[in-house]
Amino acid sequence: MFKKANPSGVILLCTTLIIDSVEAAVEAAHAALAGGVSVLEVVVTTPGALEVIKVLCKDYPSVKFGVGTVLNIEDARKAEKAGAQFLMSPCTVMIFSAYTAGAEAIKIYPVSALGGENYISTLKKPFPTIPLIASQGITAGSIGKYTTAGASAVVLSDAIFNKEAMMKEDFDEIQRLAQLVTLEASLARKGNSKIKR
């Protein structure tokens, strides 16, 4: 799933969004998708996360949607029933075990607390063929560093779902931020991470 669902190199992490409404979460997701994000992950603890997935799958049948921070089988089954096409679970210790058990990519969380892009680079030495997804603390301007270090993708949250924009329900700003990081990811994949902000 991951290999086919990741043309932009940006996986968007839709966190609790500060707003406790499915409608606001869906509108924020619409804005991010309009900004060029090609894969969207909704954290299972987001209020109404499974309803958000259902709505988004209906509205965007060709986009890949998943549920993140899945920690048990029950949540995995609920996410799948809601239409999630992939699941993400934090996995730092069991990288090889998860990969050999069938995981197509491994989410490294919380990457910034573990050393950021240096940690990704270190992990790529023993695991050069395992796709690693850097998650937590990734900012606009650092995507290129993570891809250069070996990340196959990055998970973005506040870089797109800016707290101020969310509080104001400024979905145009969310779309602008999504366009910015999508461009940055595209340039990073081509080896040029310098963009004008």
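Just the heavy atoms: all of them, side chains too, but no hydrogens, waters or symmetry mates, feed the values below. Position 1 is the first residue of the sequence, and the numbers go up from there. Note that the structure is a prediction, hence the values are computed from the model and not measured.
Here the closest heavy-atom approach between residue L50 and residue A79 is recorded as CD2-CA, 3.7 Å. Scanning all heavy atoms of the two residues, the minimum distance from Y146 to A134 falls at CD2-CB, 3.6 Å. Of all heavy-atom pairs between G144 and E184, the closest is N-OE2, 3.9 Å. A pairwise comparison of heavy atoms in T129 and Y99 identifies O-OH, 3.7 Å as the closest pair. Considering every non-hydrogen atom in both L180 and A140, the closest pair reads CD2-CB, 4.5 Å. Looking at every heavy atom in both residues, I120 comes nearest to G150 through CG2-C, 3.8 Å.
In this structure, the separation between CD on Q179 and CD1 on I160 is 10.5 Å, given to the nearest 0.5 Å. In this structure, L156 CG and S142 OG are separated by 7.5 Å, a value rounded to the nearest 0.5 Å. A distance of 12.5 Å separates CD1 in I53 from CD in E80, rounded to the nearest 0.5 Å. In this structure, NZ on K163 lies 3.5 Å from CG on D158, to the nearest 0.5 angstrom. In this structure, CG in L177 is found 10.0 Å from CZ in F161, a value given to the nearest 0.5 Å.
Within the 4.5 Å cutoff, the side chain of N162 has no heavy atoms near those of the D170 side chain. Residues L33 and F65 have side chains in contact (heavy-atom distance under 4.5 Å, counting atoms from C-beta outward). Counting heavy atoms from C-beta on, the side chains of I143 and L187 never come closer than 4.5 Å. Residues H30 and V26 meet the side-chain proximity criterion, which asks for heavy atoms closer than 4.5 Å.
Here the side chain of K124 pairs no donor or acceptor atom with the backbone of P131 at under 3.5 angstrom. For E41 (side chain) and M88 (main-chain N/O), no donor-acceptor pair under 3.5 Å exists by modelled atom type. Side-chain atoms of T122 come within 3.5 Å of backbone atoms of N118 as a donor-acceptor pair (strictly under, hydrogens ignored). The backbone N or O of A178 sits less than 3.5 Å from a side-chain atom of T182, completing a donor-acceptor pair.
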side-chain contact (heavy atoms from CB on, under 4.5 Å) assessment of I138 paired with V111: CA-CA 8 Å; I138 315 297; V111 73; 3.8 Å; yes
Apply side-chain contact (heavy atoms from CB on, under 4.5 Å) to the pair V39 and F86, showing each step before the final yes or no. CA-CA 10 Å; V39 178; F86 65 90; 3.4 Å; yes
Walk me through whether V67 and D75 qualify under side-chain contact (heavy atoms from CB on, under 4.5 Å). CA-CA 9 Å; V67 174; D75 284 345; over 6 Å; no
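Counted within 6.0 Å of CD on E51, heavy atoms from surrounding residues, nucleotides or ligands total more than 12; the atom is thus considered enclosed.
Note: F127 and F96 have parallel aromatic rings, judged against thresholds of 30 and 60 degrees for the angle between ring planes.
Between R77 and E74, none of the side-chain N atoms (NZ, or NE/NH1/NH2) sits under 4.0 Å from a carboxylate O, so this pair counts as no salt bridge.
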